[in-house]
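None of these values were measured; they are calculated from a predicted model. Proteins come first, then strands; the chains are lettered A, B, ... in the order of their sequence lines, and each starts at number 1.
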Amino acid sequence: MEYNFGELEPRWQKYWREHGTYHVPNQSDREHFYVLDMFPYPSGAGLHVGHPLGYIASDIYARYKRLRGFNVLHPMGYDAYGLPAEQYAIQTGQHPAVTTERNIARYREQLDKLGFSFDWSREVRTCDPAYYKWTQWTFIKLFNSYYCNQARQARPIDELVGLFGRQGTEGLDLACTEPLSFTADEWNGWDERQRQQVLMNYRLAYLADTYVNWCAELGTVLANDEVVNGLSVRGGHPVERKLMRQWSLRITAYAQRLVDGLDQVDWTDSLKEIQRNWIGRSEGAAVWFPLAMPVNDNVLPGAQACMTQADPQPVPSFEIFTTRPDTIFGVTFMVLCPEHELIDKITTPGQRAEVEAYVAWAKNRSERERQAEVKKVSGVFSGAYAVNPLTEERIPIWISDYVLAGYGTGAIMAVPAHDSRDFAFARHFGLPIRQVVAAEPDAVSDPASWTESLDSKSGYSVNSGFVSGMKVKDAMRAVIDRIESLGIGHRTVNYRLRDAIFSRQRYWGEPFPIYYKDGMPCALPEECLPLELPEVGDFKPTATGEPPLGHASRWAWDEANRRVVDCSLVDNATVFPLELSTMPGFAGSSGYYLRYMDPGNSDEYFSRQAVDYWRQVDLYVGGAEHGTGHLIYARFWNKFLFDLGLCVCEEPFRKLVNQGMIQGRSSFVYRSKSDTGLFISKGLVADMDAVTPIHVDINMVDNDVLDVERFRQWRPEFADARFELEDGRYVCGWEVEKMSKSMFNVQNPDDLVARYGADTLRLYEMFLGPVEQAKPWDTKGIEGVHRFLRKFWKLYDNAIQAGRLDAEPSKAELKTLHQTIKKITDDIERFSFNTAVSTFMICTNQLTETGCASRQVLRPLAVLIAPFAPHMAEELWHDMGGEGTVCDAEWPSFDASLLVEDTVKYPVQFNGKMRFTIDLPADCDQAAALQAVTASADGQRWLGDKEPRKVIFVPKKIINIVL
RNA sequence: GCUCUGGUGGUGGAAUGGUAGACACGAGGGACUUAAAAUCCCUUGCCCGCAAGGGCGUGUGGGUUCAAGUCCCACCCGGAGUACCA
């Protein structure tokens with residue numbers, strides 16, 4: 001019988017579907033294992049061959065684990081909210097729900113053809129009210145929580161209300177937007193509105209005026225990870241900084257735990273590093289610098305009084321953050337960011353005009369301009385001076401946009417000798433530079449001759465008062481100790497991570513379960529969720545610039561009757577407007593892995609029983625491009641739910657594998673510039689400047705040879721194309737680019753499944769190279785893999801024809817089988833699927849040679865290949881008389897005794913003595929092995945009858961038999 | 001700039017410190033066939049040689065080791081992340 005994949009693959013897919021083969025129970029005596037893929041955003045373009053790469057890898061692992069006796073949770077769903085569907089809606093008027101539904105159907109059809117073992121009964125969609133009910137529910141929980149730094153835990157906000165009533169802020173260490181300090185009496189004296197405003201400073205989901213990334217083109221605010229180089233990730237539109245009132249999540253409260261948690265998970269070092277850099281923890285000191293001159297207005301916002309040695313009178317001062325407290329003796333000026341609130345108060349009349357002009361200029365500069373002109377130094381002198389608290393020197397205060405408002409305190413002490421940016425600034429404005437660190441204690445030179453600052457932390461302090469001569473690390477400690485003992489500063493840690501802006505001025509997202517009562521936000525009662533997304537007539541912003549939900553006629557909350565009502569009723573005493581923004585894309589994807597555990601539960605996010613059983617994702621497969629987005633947010637989300645006592649593991653994803661992106665391999669033809677009807681074959685192009693490379697559809701190219709007839713038919717302007725051929729063929733050039741329609745290099749998996757079958761495609765995607773590695777797609781090798789499957793099939797077909805299935809296998813055949821079992825098991829365990837495919841090829845070639853017909857060999861082999869080529873495995877399993885489906889078979893174990901290597905290897909001669917190295921399997925008895933080796937043919941050849949004088953054993957091998 | 005990765009034939013890629021290039025593609029040659037497809041066999045890192053054989057080879061230069069693609073140091077070149085983060 002021929003290998004008829006076109007018939008058998010759909011047949012088995014149907015069988016699995018009808019028999020619920022991949023349905024996973026939440027209760028089992030078997031051990032649990034959770035294999036998860038990053039769920040896709042269903043785009044209109046459908047899947048290309050790059051998308052399933054990770055799904056195939058995880059499917060192989062999930063099927064393998066199942067064969068090893070685990071109860072494997074392997075679900076799939078859709079990240080269905082998102083910008084493209086909405087942009088499409090704006091252009092065409094089609095409701096995003098309609099296009100999303102259509103795209104999902106297409107995705108499902110494509111996925112089904114590949115033979116995945118997903119439990120589709122657990123499917124989730126982020127745009128489904130039954131799902132986003134829990135996204136909204138978590139938001140309310142965040143809104144009603146604060147973070148206690150002492151307990152390192154989120155707590156209910158009601159508890160904080162009680163604490164404020166008893167002790168004010170005294171003794172509390174809270175994550176907040178800005179540090180506040182008040183007494184219980186003050187708190188108790190405030191009215192409800194004032195209290196709510198104060199509480200907003202502590203909520204984990206909070207509303208605040210913040211500088212946000214505003215993208216005018218998309219009409220929405222974006223999170224930091226959605227902006228790259230001042231352009232939006234989606235669409236590449238310019239983004240500017242804008243002060244807006246927005247919802248944010250206080251993810252910074254979890255910064256330290258997000259860093260610490262990385263030590264508990266099995267991720268690649270590079271991804272952990274990406275997250276560590278993004279969180280950007282840095283240790284240093286906060287130091288108060290008093291102002292040196294009297295200030296007209298004594299009420300300085302944010303500034304506090306402090307005592308200095310020189311002046312016992314309280315003086316206004318401001319706080320800076322530094323990671324190099326040891327360089328404080330080298331401070332020659334201070335710099336404030338243009339947004340700093342102190343600027344207005346300290347600027348001297350003579351400098352006022354200049355300062356105001358600079359601040360105005362800096363504020364109007366777009367983020368993109370600012371980033372593009374990093375090298376350009378700009379700034380202005382405020383006219384004011386500060387006092388260095390350790391040296392009592394008067395130092396000028398400057399204003400410059402190289403100091404950022406969002407990091408530290410927006411103010412720095414500048415040490416031009418030891419910071420490259422301060423150095424550039426000092427050089428530009430002719431400010432003094434003073435060396436306070438040197439590589440050796442006496443290696444002091446005149447900074448005037450320097451071309452760059454000495455930023456290294458290895459070296460010694462010089463010219464630095466009481467720390468002179470100390471190593472930099474010791475000097476840091478000594479200076480902080482002194483600062484703390486003087487009460488003018490303290491040790492502190494700063495993070496680069498910012499709170500996540502959580503509102504989007506868009507339609508196609510989760511509505512906030514929030515209404516505004518007298519301008520103050522209130523959460524809907526949990527029992528009223530989900531708050532469903534309303535219909536709107538128009539997906540664009542309203543005429544008054546409100547988000548699209550402003551078009552909804554029925555979008556007000558009747559507090560008394562607990563329901564959504566018509567906006568016209570807002571004047572009624574208990575009816576209030578609902579929030580008009582929606583949640584960002586990462587909202588729905590932050591907890592979806594938990595929902596898979598118990599997707600049908602309408603009373604809870606997920607049941608206690610479900611989470612106790614599944615606990616966390618054991619293996620997560622997806623792209624590293626989510627390193628600073630989804631993978632941070634999901635960890636935060638999970639930690640928060642852990643604090644609430646809902647999750648049982650603090651980290652959501654125990655092991656994470658990043659699949660490499662599959663790039664496109666574009667093909668080019670070369671058109672002569674002098675004769676635009678002439679196309680020159682690649683090998684004949686003498687001068688690349690004389691030709692224009694043109695992308696051609698890879699479907700017209702086979703093995704780099706162009707189908708010239710199809711090319712002529714492709715486009716009218718090529719109908720009369722003439723070709724300069726080499727060896728009668730037109731050879732195309734190629735280049736690796738992103739896989740995209742515009743490059744004509746998109747490979748559709750459906751075409752390949754139709755031509756070669758799903759099993760071939762699965763095997764080929766794995767064969768291409770390591771899963772983690774980025775690689776260009778190239779279809780030309782698929783023939784080889786397909787040939788292998790046919791050969792594998794024929795092995796069984798021949799065996800059945802021969803009718804000797806019950807024959808005893810030869811020793812060589814058994815050895816081949818057991819080598820294969822061992823190698824395949826190892827390969828899967830270390831996620832090396834490309835070498836696993838090779839192993840199958842070698843095994844097949846060997847068995848074809850011996851003409852193996854034994855069921856004893858062929859049946860376990862069908863189980864081994866089941867994770868890779870499940871359709872074929874099912875068919876062959878049945879042909880070999882297997883029971884049930886191959887999915888429920890048992891993973892074969894190998895017999896190590898069949899694998900003992902009995903050869904002597906690597907004779908080497910040195911120091912006049914002959915030595916040998918002998919490779920051994922990991923778990924064999926070395927003494928016995930030595931005997932076997934000396935008795936073997938090879939041993940006799942090398943060793944003869946000589947007694948070894950000395951044998952050195954190392955693990956896994958005998959090394960150096962000395963004669 | 002900083003951080004992380006990687007550098008092996010014409011190509012994709014193998015190689016627990018132990019015979020580098022497994023496996024596959026491509027290419028060349030051959031068998032079967034009227035022919036094609038399919039299938040099968042041989043060759044295929046580079047150089048010298050008719051051959052036997054010899055020499056050179058994992059980005060470059062050093063080092064550790066009986067033994068280095070693999071470990072250590074320095075450098076060169078790609079890819080990714082981040083970017084005035086004090």
**Student:** Does B/A38 pair with anything, Watson-Crick or G-U wobble, both distances under 3.5 Å, and if so, with which nucleotide?
**Tutor:**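 Paired with B/A38, as far as the under-3.5 Å criterion goes, is no nucleotide at all.
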
**Student:** Please figure out whether A/Pro776 or A/Arg729 has its closest RNA chain B nucleotide nearer the 5' end.
**Tutor:**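 Closest to the 5' end, via its nearest nucleotide, is A/Pro776.
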
**Student:** So what does A/Asp422 touch, heavy atoms closer than 4.0 Å: a base, only the sugar-phosphate, or nothing?
**Tutor:**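 Answer is nothing: A/Asp422 stays at 4.0 Å or more from every strand.
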
**Student:** Of the nucleotides B/U82, B/C25, B/G12, which one has an atom closest to the side chain of A/Trp278?
**Tutor:**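 Within the option list, the nearest is B/U82.
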
**Student:** For B/G9, is chi within 90° of 0 (syn) or not (anti)?
**Tutor:**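 Glycosidic conformation of B/G9: syn.
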
**Student:** Provide the Watson-Crick or G-U wobble partner of B/A27, both distances under 3.5 Å; none if there is no partner.
**Tutor:**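 The base-pairing partner of B/A27, which may sit in any strand shown, is B/U43.
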
**Student:** From C-beta outward on A/Thr628, which listed nucleotide comes closest to its side chain: B/U82, B/C84, B/A24?
**Tutor:**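 Nearest to the side-chain atoms of A/Thr628, counting from C-beta on, is B/U82.
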
**Student:** Given atom CG of A/Leu497 and atom P of B/A83, what is their separation to the nearest angstrom?
**Tutor:**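 Rounded to the whole Å, the gap is 12 Å.
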
**Student:** Quantified in whole Å, what is the C1' atom distance between nucleotide B/G21 and nucleotide B/U44?
**Tutor:**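 My reading of the C1' atoms in B/G21 and B/U44 gives 12 Å.
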
**Student:** For nucleotides B/C75 and B/G1, find the distance between their P atoms and express it as a whole number of Å.
**Tutor:**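 These two P atoms come out 12 Å apart once rounded.
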
**Student:** Taking atom P in both B/G69 and B/U8, what distance in whole Å separates the two?
**Tutor:**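 Result for the P pair: 15 Å, nearest Å.
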
**Student:** In B/S/- notation, 5' to 3', how is nucleotides 36-44 of chain B contacted by protein heavy atoms closer than 4.0 Å?
**Tutor:** --SSS----

**Student:** Looking at the side chain of A/Asn277, which of B/G81, B/C23, B/A86 is the nearest nucleotide?
**Tutor:**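 Closest nucleotide among those given: B/G81.
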
**Student:** Using 4.0 Å as the upper bound for N to carboxylate O, is an ion pair formed by A/Arg830 and A/Asp826?
**Tutor:**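 Not counted as a salt bridge, because no side-chain N and carboxylate O are separated by less than 4.0 Å.
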
**Student:** A/Glu765 has an atom CD; how far is it from atom P of B/G12, in whole Å?
**Tutor:**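 It is 18 Å, rounded to the nearest whole Å.
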
**Student:** Counting the atoms with a prime plus P, OP1 and OP2 as sugar-phosphate, which does A/Ser282 contact under 4.0 Å by heavy atoms, base, sugar-phosphate, or nothing?
**Tutor:**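 Counting heavy atoms under 4.0 Å across all strands, the contact made by A/Ser282 is with sugar-phosphate only.
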
**Student:** Between the main-chain N or O of A/Ala411 and the side-chain N or O of A/His340, is there a donor-acceptor pair closer than 3.5 Å?
**Tutor:**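 Checking the backbone N and O of A/Ala411 against the side chain of A/His340, no donor-acceptor pair under 3.5 Å is found.
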
**Student:** Atom CG of A/Leu789 to atom P of B/A24: distance rounded to whole Å?
**Tutor:**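 The answer, rounded to whole Å, is 13 Å.
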
**Student:** What nucleotide among B/G81, B/U3, B/C23 has an atom nearest to a side-chain atom of A/Glu273?
**Tutor:**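 Output: B/U3.
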
**Student:** With A/Ile274, which residues qualify under side-chain contact (heavy atoms from CB on, under 4.5 Å), at least two apart?
**Tutor:**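 In terms of side-chain contact (heavy atoms from CB on, under 4.5 Å), with neighbours along the sequence ignored, A/Ile274 is linked to A/Leu271, A/Thr628.
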
**Student:** A quick test of your reading: do over 12 heavy atoms of other residues, nucleotides or ligands sit less than 6.0 Å from CD of A/Glu829?
**Tutor:**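 Enclosed.
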
**Student:** B/G26 and B/A37: how far apart are their P atoms, nearest whole angstrom?
**Tutor:**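 Pairwise P distance, B/G26 against B/A37, rounds to 13 Å.
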
**Student:** Students often get this wrong, so: under 4.0 angstrom with heavy atoms, is A/Leu404 touching a base, only sugar-phosphate, or nothing?
**Tutor:**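 Here A/Leu404 touches the bases of the nucleic acid.
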
**Student:** Roughly how many Å apart are B/C25 and B/A38, using the P atom of each and rounding to a whole number?
**Tutor:**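 Those two atoms are separated by 12 Å.
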
**Student:** In Watson-Crick or G-U wobble terms, both distances under 3.5 Å, what is the partner of B/G17?
**Tutor:**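 Pairing partner, where one exists within any strand: none, as none qualifies.
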
**Student:** Do any side-chain nitrogens or oxygens of A/Gln773 fall under 4.0 Å of OP1 or OP2 in B/G13?
**Tutor:**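 Answer is yes, contact under 4.0 Å.
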
**Student:** Using the C1' atom in both, what is the distance from B/U65 to B/G7, to the nearest Å?
**Tutor:**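 24 Å, rounded to whole Å.
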
**Student:** Under a 3.5 Å limit for both distances, which nucleotide forms a Watson-Crick or G-U wobble pair with B/C4, could you say?
**Tutor:**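 Base-paired to B/G79.
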
**Student:** Would you please indicate if the ring centroids of A/Phe425 and A/Phe423 are separated by under 6.0 Å?
**Tutor:**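 No.
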
**Student:** Describe the nucleic acid contact of A/Pro770 in one word from base, sugar-phosphate, nothing, applying a heavy-atom distance below 4.0 Å.
**Tutor:**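 Answer is sugar-phosphate: A/Pro770 comes under 4.0 Å of backbone atoms only.
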
**Student:** A/Glu319 vs A/Thr409, test: side chain to side chain donor-acceptor pair (under 3.5 Å). Steps then yes/no.
**Tutor:** CA-CA 7 Å; A/Glu319 189 183 18; A/Thr409 56; 5.6 Å; no

**Student:** Within this structure, what is the NZ-to-P distance between A/Lys272 and B/C4, rounded to whole angstrom?
**Tutor:**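 Roughly 14 Å, once rounded to whole Å.
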
**Student:** Let me know the distance between OH of A/Tyr495 and C1' of B/A86, rounded to the nearest Å.
**Tutor:**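 A/Tyr495 atom OH is separated from B/A86 atom C1' by 17 Å.
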
**Student:** Among B/C23, B/A86, B/A15, find the nucleotide with the atom closest to the side chain of A/Thr835.
**Tutor:**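 Of all the options, the side chain of A/Thr835 is nearest to B/A15.
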
**Student:** Determine the interatomic distance between C1' on B/A15 and the same-named atom on B/G45; round to the nearest Å.
**Tutor:**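 B/A15 and B/G45 have their C1' atoms separated by 16 Å.
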
**Student:** Under 4.0 Å from OP1 or OP2 of B/A14: is there any side-chain N or O of A/Asn834 that close?
**Tutor:**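 Answer is yes, contact under 4.0 Å.
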
**Student:** What interatomic distance, in whole Å, is found between C1' of B/A80 and the corresponding atom of B/U70?
**Tutor:**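 Those two atoms are separated by 23 Å.
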
**Student:** Rounded to whole angstrom units, what separation is found between the CD1 atom of A/Ile842 and the C1' atom of B/A15?
**Tutor:**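 In whole Å, B/A15 C1' lies 12 Å from A/Ile842 CD1.
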
**Student:** Using atom types as modelled, flag every donor-acceptor pair under 3.5 Å from a side chain in residues 323-335 of chain A to any protein atom, sequence neighbours excluded.
**Tutor:**
from	atom 1	to	atom 2	distance (Å)
A/Arg324	NE	A/Asp326	OD1	3.1
A/Arg324	NH1	A/Asp455	O	3.3
A/Arg324	NH2	A/Asp326	OD2	3.1
A/Thr327	OG1	A/Arg324	O	2.8
A/Thr332	OG1	A/Pro432	O	2.9

**Student:** Please list, by residue number, the residues of residues 323-339 of chain A whose heavy atoms come closer than 4.0 Å to an atom of RNA chain B; answer none if no residue qualifies.
**Tutor:**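 Of all residues in residues 323-339 of chain A, the ones placing a heavy atom under 4.0 Å from RNA chain B are A/Thr323, A/Arg324.
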
**Student:** Tell me every residue that passes side-chain contact (heavy atoms from CB on, under 4.5 Å) with A/Pro770, counting only those two or more places apart in sequence or in another chain.
**Tutor:**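 side-chain contact (heavy atoms from CB on, under 4.5 Å) list for A/Pro770, sorted by chain: A/Glu772, A/Gln773, A/Asn834.
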
**Student:** Nearest to the side chain of A/Ser270 - B/A86, B/C23, B/C4?
**Tutor:**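 Between B/A86, B/C23, B/C4, the one nearest the side chain of A/Ser270 would be B/C4.
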
**Student:** With sequence neighbours left out, write down each residue that passes side-chain contact (heavy atoms from CB on, under 4.5 Å) with A/Ala424, or none if nothing qualifies.
**Tutor:**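 Checked A/Ala424 against side-chain contact (heavy atoms from CB on, under 4.5 Å); matches are A/Val377.
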
**Student:** NA contact type, A/Ile412, heavy-atom cut-off 4.0 Å: base, sugar-phosphate, or nothing?
**Tutor:**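 A/Ile412: base contact, heavy atoms under 4.0 Å.
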
**Student:** So with a 6.0 Å cut-off around CD of A/Glu283, is the heavy-atom count from everything else above 12?
**Tutor:**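 No, the 6.0 Å shell around CD holds no more than 12 heavy atoms from other groups.
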
**Student:** Is a salt bridge present between A/Arg276 and A/Asp263, judged by a nitrogen-to-oxygen distance below 4.0 Å?
**Tutor:**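 Here A/Arg276 pairs with A/Asp263 in a salt bridge, since their nearest N and O are under 4.0 Å apart.
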
**Student:** Name the pairing partner of B/U70, where a pair is Watson-Crick or G-U wobble with both distances under 3.5 Å, or state none.
**Tutor:**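 Across any shown strand, B/U70 pairs with none.
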
**Student:** Closest to the A/Arg830 side chain: B/A15, B/A86, B/C25?
**Tutor:**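 Nearest nucleotide to the side chain: B/A15.
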
**Student:** Check the side chains of A/Ser282 and A/Tyr407 for a donor-acceptor pair under 3.5 angstrom, ignoring hydrogens and angles.
**Tutor:**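 Side-chain D/A pair, A/Tyr407 to A/Ser282: present.
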
